[in-house]
Amino acid sequence: MPGSGTDSTKPWAAGGPLVILVEPQLGENIGSAARAMGNFGLSRLRIVNPREGWPNEKARVFSAGADRILAEATLHPDLRSALSGVNYAFAATARERGMAKPVLGADAVAQETRGRLASGEEVALVFGRERTGLYTEEVSLCDAILTLPVNPAFASLNLAMCVAVAGYEWFKAESAGALPFAPPDRSPLADKGDLFAFFDHLEGALQTSGFFRSPEKAPSTIRNLRNIFHRLGLTRQDLATLHGAVTALEEGREGREARKLKNNAEAAARRAGRKASEAAARDAAQNTAIQDNEAKDDAAQDNAPPDNAPPNKG
């Protein structure tokens, strides 16, 4: 039974750019970053010199089921080593570094990454330490800067949050923004005849209950009620539900119980009638079989030789 949005029966989205975490301080943040990667179809993780060592049990716990990403992650001593085989790298930073590099938001990074991967290039998204981010020297090893439009007075993002935002834009671009599910098909729109029948039912019930206290205001009140329901674009199923609600209010608890008892009694009578018919049919069939057997016995006796007949000597 799927839970918390997970469903092991569906294919696991994988691929995308490499994600490189440089000297992450806490196993919890590595696990949370892996979880965010799994959410958005990123599966390739490289970890540079994690402070608490590797493997890390807290990372596994906080990955919340994205264990496969951690199991396939590779460990590297520094960013230069982690960038091996990479053709183009984006350095994630919230601070201006005074470098003549392209500066892109996560959406633009996602689009450019798709194009570069399609042409056979290897692309990496590089994220720095929780407390200080990437060093300027490390940013200089990358080709472009990835940054986000955040509050300039409070621009520090949690590591996993930053990976999640970049991953979200990647997966949105890769999937053309397709949502995982659509609203269910609605019941057909009610036609005017159905709608007018409901108006008659509702207005009759309101009239019986004494809702229209002023005969002079009743016509305008009825128009207002009708306009409310006209604006809703009611379906046939909607009207069936509303009819049931009005009927329940008309009957009250005692009326509903009486109707339920009546319906149950009628159903029991129908079942008893069917059983009686079936029993009568079985009895008739049995009588017919008995009569057939008796007729066969009579015929056999008629054809039998008399008791005093001489024996047949051949």
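Keep in mind that the numbers below use all heavy atoms, side chains included, and drop hydrogens, waters and symmetry copies. Predicted model, so just to flag it, every value in this text is computed and none were measured.
Salt-bridge formation is not detected for the pair Glu72/Arg68: no Lys NZ or Arg NE/NH1/NH2 atom is positioned less than 4.0 Å from an Asp or Glu carboxylate oxygen. Here Lys275 does not pair with Glu278 in a salt bridge; the nearest charged N to carboxylate O distance is not below 4.0 Å. Salt bridge status for Glu266 with Arg271: absent, with no side-chain N to carboxylate O gap under 4.0 Å. A salt bridge links Glu203 with Arg226: the closest approach of a Lys/Arg side-chain nitrogen to an acidic carboxylate oxygen falls below 4.0 angstrom. Note on Arg97 versus Glu138: no salt bridge recorded, every NZ/NE/NH1/NH2 to OD/OE distance being 4.0 Å or above.
A search for side chain to side chain donor-acceptor pair (under 3.5 Å) contacts involving Ser140 returns nothing, not counting sequence neighbours. Listed by chain and number, the residues in a side-chain contact (heavy atoms from CB on, under 4.5 Å) with Val246 are Phe198, His201, Leu202, Ala205, Glu250 (sequence neighbours excluded).
Glu130 contributes a side-chain N or O that, together with a main-chain N or O of Leu26, makes up a donor-acceptor pair within less than 3.5 Å. In this structure, Thr132 contributes its side chain and Arg129 its backbone to no donor-acceptor pair below 3.5 Å. Between the side chain of Arg44 and the main chain of Gly16, a donor-acceptor pair closer than 3.5 Å is present.
Of the residues listed (Val86, Val126, Leu79), the one engaging Leu141 in a side-chain contact (heavy atoms from CB on, under 4.5 Å) is Leu79, and it is the only one.
Phe154 shares a hydrophobic cluster with no other residue; no ILVMFWY side chain has heavy atoms under 4.5 Å from its own.
Relative ring orientation between Phe199 and Phe229 is described as tilted, the plane-to-plane angle lying within the 30° to 60° band.
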